[in-house]
Participant: 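Shown below is the structure under consideration.
Proteins get letters first, then strands, A, B, ... in listed order; numbering begins at 1 in each.
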Amino acid sequence: MRTLNWTPVCPLDRLDPDRGVAALVDGVQVALFRTGGELYAVDNLDPVGGAYVMSRGIVGSRGGLPTVASPLHKQVYDLRTGRCLEVAGVTLRRHRIRCRDGLVEVRLRQEE
Amino acid sequence: MTGPRVVVVGNGMVGERFVEALRTRDRDGRWRVTVLAEERRPAYDRVRLSAFFDGVSAEELNLHTPDDGVELRLGEPALRIDRERRLVTTAGGEVPYDALVLATGSYPFVPPVDGTDLPGVFVYRTLDDLAAIREHARGRRTGAVIGGGLLGLEAANALRLLGLDTSVVEFAPRLMPAQVDEAGGAMLRRYVEELGVTPYLGVATSALRPGPDGTVAALELADGRTVDAELVVVAAGIRPRDELARAAGLPLGPRGGVLVDAGCRTADERIWAVGECAAVDGTCHGLVAPGYATAEVVADRLLGGAATFPGADTATKLKLLGVDVASFGDAHGTTPGCLDVTFTDPATRAYAKLVLSDDARTLLGGVLVGDASAYPTLRASVGGPLPAPPLALLAPAGGAGSGAGALPAAAQVCSCNAVTRADIDAAIAGGAGDVPALKACTRAGTSCGSCVPMLKQLLDAAGVRQSTALCEHFDTSRQELFDIVRVRGIRTFSQLIAEHGRGRGCDICKPVVASILASLGTGHVLDGEQASLQDTNDHFLANLQRDGSYSVVPRIPGGEITPEKLIVIGEVARDFRLYTKITGGQRIDLLGARVEQLPQIWRRLVDAGFESGHAYGKALRTVKSCVGETWCRYGVQDSVGLAVALELRYRGLRAPHKLKSAVSGCARECAEARSKDFGIIATETGWNLYVGGNGGFRPRHADLFATDLSTEALIPLIDRFVMYYIRTADRLQRTAAWIEAMDGGLDHLRSVIVDDSLGLCAELDAAMARHVASYSDEWRDVLEDPERLRRFTSFVNAPDVPDPSITFTVARGQPVPARAADHRRQPVALGLPEVRR
Ligand code: SRM
Ligand SMILES: Cc1cc2nc3c(=O)[nH]c(=O)nc-3n(C[C@H](O)[C@H](O)[C@H](O)COP(=O)(O)OP(=O)(O)OC[C@H]3O[C@@H](n4cnc5c(N)ncnc54)[C@H](O)[C@@H]3O)c2cc1C
Ligand code: SF4
Ligand code: FES
């Protein structure tokens, strides 16, 4: 089921800077990151490796863009667009994320 | 826009290159381009076709760049040419042209033998062919290839990888008859047999026979033998696709192909031919490099130039699972008066032959089997003076050492893209400072890639210092970073990157810094900011598996374990439904644990006296041992006792790469100590110490470092060896590569840690003493700390829900990952470090 509701997920301080966590939102596994003062949400599914592990990747930057590297085989993704910087045509689906009153909220994005 | 229109027939490798070349040069867009393609997908890298079987996807092989100025009509073959009206007919209608470029390639030649039309018989040319082969191979056991040339062997290797018992039938008396000579063929045959492929040489196939289900089942050979084959690939040569030209009444070459002159033009001044379908001055070329050259010629001519075909380089190099075969120039020595220099090394099983001019000064060609490291240099030297004496070039390692720096300016460095040494030097002079820059501005190295090592050598030769920067965030090497952290007493990544780097770090520099901080003893790896630097394995103190679950490897020093502890491992595995396996490191791996189960599993293990085995860390792994003098009738020292002592001494020590060791109780070496980073072998009077060995990707035996040491003398040497390695090695450089790259090698190492030539020993000793004193078990520390335990949850908002994607089936009585059927295995590049000179 896909809804367009904002779902409260956890207090902001459960997100360590530069280290992801996984959350379950409307049955979808989402990886949440906090880096450079911003929040990002993408699919937890590694589109190349096929396992739900993106939240466990290393967060960093490439040429100023915030990134996460798959922990399986190290492909690097731009957290803002979900685009894989190494394999053409591969993307991570992005979701909406915001912080309201100290609470992190996620809204699934429908298939684009 | 109404400029003239060029119609290109065929969107293969050369057709695509032609379009690219034309569009690049035609700056004001004079030509409109229409491409008619028979295949349903845009141009792809046919040369790397076989990579499809390693899981490389069609997208990754794609060569086509979409371009608004080019109309690409896929799945719409040209059917007819009307030269009078200047039209090409397709199923979709008529396409007018001002210039027509035929780039239709070749088709595989299928000999007229009974049964080649049976289901299960394939050719090997397109992605569709390979997809059909893979489909048919499913559930079948035997396969055969007709044709033992370059393509046939490549196909045979593919069948082997698909799990078929594979045979190759070749009419000529040796494999790859067009490239190698008899002795090279014999060496090749041994390699091929060792891979499990059965060659039938010097015999023709007389018929293909079906089985009861109507698909092919066997080959009949002319000498009466039969070969089982439920799948057959015909790779008996190629023929140019000249049918359109023939029907249009254009002249053909003596052996087929669209006849063109050196400007690649046919008898009709508006029609050109490029690639494999073109018979340039009568000769067809079945390789991509000469094809590219024709594409460049026609692009130039359409824009008013006068380029001509420069002649073909027929050099080839094949890699058949570890076996290199290369031939270049006049490989068969057909030049009158020429001399052969051959070299056979049965030990390394390398065969090489050089063909020289009658005065032995000019290299004419050659053949290499087994070790083709000299190929790039040799190929580039054909027609010119020898860059070094023949033996120096041929002896293993000689080729690499002789260096590209000796090449003359006119030598072709990249033959795929016709780039000479002079071109490379000009690019370097123009500011190209690394291999990617050279690729971008000369195209060298962008096709088969075999010239990339030469590009590096030429950069070296030009005195360009190649960057030792770790990544875009740090300009320093790992060693420099280590010293900065140590000397300045830096304790956090934020401080280090703020003061000595830029940006926010990445998956390369963060684990390096994490490892440096850990080697210097800065507390638990999961504390505070350090946690965010760790690779997922270090972050969860377990090894990530392909399905997102983890493995658990408790330490079992020296491989010695009590029955009680064995029982606990068994009970834990049973209770958590884990798969168990004895590892190659003499301990037990428990696989299939979910993140939130790890602390529960380790609670049980720690209570039973186990501790982390650091299988996840770039750290000491295992010290293996044989049973030694306690039990073995040959043993002369207590190998188990020493192994346990060493493992406990160095456990938990973080290093640039993993560290392994072993101790054998006598020279029979049952513990394989010489394949370890440091290995110890017992003697009547003490221990021999070996350093710098490993198995893995590039196996290397360790070198003897010191002999007949007492245990008291042995340990400080190992301490210093390990600490010096930790301080000075590169990221992911194991001890073998570290020693090989060291100026002065083993002798230098000896002078530093035995003779204290750098005055470092006291410091290295103290560092090791600190490590030994401060060791504590990482898993016990986690279990005692709620802050650290907090990280081991499945979902931050649903900690009680296990990851639903991790599911198991049963294989041989144990749980194994149930894999989504649609997720293909992806090839994974080996993350091996490059050795810097
Ligand atoms: C479990 C084990 C295979 C087994 O079932 O037997 C294994 C499993 C892995 N090996 Fe290994 N290696 C295992 C013994 C070996 C050995 C044999 C040995 O240690 O005597 C070797 C060759 C010896 C050597 O290292 O020189 C070996 C050479 C490698 C290499 C290649 C290293 C190289 O220098 O080329 C890698 C890749 C790497 O580390 O970069 C590797 C990497 C791996 C990794 C870590 C791959 C990964 O990143 O997931 C595997 C992790 C498994 C896991 O999750 O537990 N493994 N691996 C063995 C664990 C031993 C142990 O108890 O710790
Ligand atoms: C498995 C394999 C490995 C190889 N390895 C090497 C190697 O290591 N080194 C090397 O140099 N070469 C190698 N080759 C050869 C190399 O792939 C060819 O030389 C190269 O592809 C030739 O390019 P081309 O454009 O002339 O022909 P192709 O790439 O074959 O393209 C021709 C295209 O034209 C299309 N076509 C034909 N007729 C029509 C029509 N009437 N209308 C529209 N379209 C049409 C075809 O469908 C095809 O797509 C290998 C080939 C194979 C099959
Ligand atoms: S290495 Fe020697 S002592 Fe050890 S088991 Fe083998 S023969 Fe026995
Ligand atoms: S020789 Fe093939 S890419 Fe350079």
Participant: Under the 3.5 angstrom rule, does the side chain of B:Arg504 hit a backbone N or O of A:Thr67 as a donor-acceptor pair?
Facilitator: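 Checking the backbone N and O of A:Thr67 against the side chain of B:Arg504, no donor-acceptor pair under 3.5 Å is found.
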Participant: Taking all non-hydrogen atoms of both residues into account, name the closest pair between A:Gln29 and B:Pro804 and its distance.
Facilitator: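 What the structure gives for the nearest pair is NE2-CD, 3.5 Å.
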Participant: At what distance, to the nearest 0.5 angstrom, does CZ of A:Arg56 lie from CG of B:Asn537?
Facilitator: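 If we round to the nearest 0.5 Å, A:Arg56:CZ and B:Asn537:CG are 10.5 Å apart.
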Participant: Roughly how far apart are B:Asn797 CG and A:Leu32 CG, rounded to 0.5 Å?
Facilitator: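 One gets 8.0 Å once the value is rounded to the nearest 0.5 Å.
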Participant: Quick check on A:Asp16 against chain B: is it the side chain, the backbone, both or neither that has a heavy atom closer than 4.5 Å?
Facilitator: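 Looking at A:Asp16, just its side chain touches chain B.
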Participant: Between A:Ala51 and B:Asp547, what is the shortest heavy-atom contact and its length?
Facilitator: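 Result for this residue pair: CB-C, 3.6 Å.
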Participant: Applying a criterion of heavy atom separation less than 4.5 Å, what residues of residues 34-45 of chain A form contacts with chain B?
Facilitator: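 Answer by number: A:Thr35, A:Gly36.
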Participant: If you look at every heavy atom in A:Val53 and B:Gly548, which pair is closest and at what distance?
Facilitator: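 Where A:Val53 meets B:Gly548 most closely, the heavy atoms are CG1-CA, 3.5 Å.
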Participant: Relative to chain A, which segment of B:Thr793 carries a heavy atom at a distance below 4.5 Å: side chain, backbone, both, or neither?
Facilitator: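 Side chain only.
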Participant: Measure the CZ-OG distance between B:Phe795 and A:Ser55 for me, rounded to the nearest 0.5 Å.
Facilitator: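 Going from CZ on B:Phe795 over to OG on A:Ser55, the span is 8.0 Å.
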Participant: Is it the case that the side chain of B:Lys510 and the backbone of A:Val59 share a donor-acceptor pair, with hydrogens and angles ignored and the cut-off at 3.5 Å?
Facilitator: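 Such a contact is found between B:Lys510 side chain and A:Val59 backbone.
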Participant: Under 3.5 Å, side chain of B:His473 to main-chain N/O of A:Ser61, donor-acceptor pair present?
Facilitator: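 At least one qualifying donor-acceptor pair exists.
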Participant: Any chance you could lay out the salt bridge (charged side-chain N to carboxylate O under 4.0 Å, His left out) test for B:Asp535 and A:Lys74, step after step, and finish with the verdict?
Facilitator: CA-CA 10 Å; B:Asp535 230 329; A:Lys74 318 288 179 204; 3.0 Å; yes
Participant: Side chain from CB out, backbone as N, CA, C, O: work out which of these in A:Val9 comes under 4.5 Å of a heavy atom of chain B, or both, or neither.
Facilitator: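 Both the backbone and the side chain of A:Val9 come within 4.5 Å of chain B.
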Participant: Between B:Asn62, B:Val595, B:Asp803, which residue shows the highest count of heavy-atom pairs closer than 4.5 Å to chain A?
Facilitator: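 It is B:Asp803.
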Participant: Please check if the side chain of A:Arg14 supplies one atom and the backbone of B:Val796 the other of a donor-acceptor pair under 3.5 Å.
Facilitator: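 Not a single qualifying donor-acceptor pair exists.
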Participant: Taking side chain as everything from C-beta outward and backbone as N, CA, C, O, which of these in B:Leu533 sits under 4.5 Å from a heavy atom of chain A? Side chain, backbone, both or neither.
Facilitator: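 Contact with chain A involves the backbone of B:Leu533 alone.
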Participant: For A:Gly89, does its backbone N or O pair with a side-chain atom of B:Glu59 as donor and acceptor, under 3.5 Å?
Facilitator: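 Checking the backbone N and O of A:Gly89 against the side chain of B:Glu59, no donor-acceptor pair under 3.5 Å is found.
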Participant: Should we say atom CZ of B:Arg40 is surrounded by more than 12 heavy atoms from elsewhere, each under 6.0 Å from it?
Facilitator: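 No - once you tally the heavy atoms of other residues, nucleotides and ligands closer than 6.0 Å, there are 12 at most.
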Participant: Quick one: CZ on A:Arg62 to CG on B:Asp507, what's the gap to the nearest 0.5 Å?
Facilitator: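 It comes to 6.5 Å.
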Participant: Less than 4.5 Å to any heavy atom of chain A: does that hold for the side chain of B:Pro799, its backbone, both, or neither?
Facilitator: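 No part of it gets close to chain A.
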Participant: Heavy atoms only: give me the nearest B:Ser532-A:Pro17 pair and the separation to one decimal.
Facilitator: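 Minimum heavy-atom contact is CB-O, 3.9 Å.
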Participant: Identify which part of B:Arg791 has an atom lying under 4.5 Å from any heavy atom of chain A, answering side chain, backbone, both or neither.
Facilitator: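 For B:Arg791, the side chain is the part near chain A, not the backbone.
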Participant: Using non-hydrogen atoms only, which part of A:Ala22 is less than 4.5 Å away from chain B: side chain, backbone, both, or neither?
Facilitator: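 Contact with chain B involves both backbone and side-chain atoms of A:Ala22.
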Participant: With respect to chain B, which residue among A:Ile58, A:Val21, A:Val68 yields the maximal number of heavy-atom pairs within a distance under 4.5 Å?
Facilitator: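 Heavy-atom pair counts peak at A:Ile58.
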Participant: Under 4.5 Å heavy-atom distance to chain B, tell me which part of A:Val76 shows up: side chain, backbone, both or neither.
Facilitator: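 Looking at A:Val76, just its side chain touches chain B.
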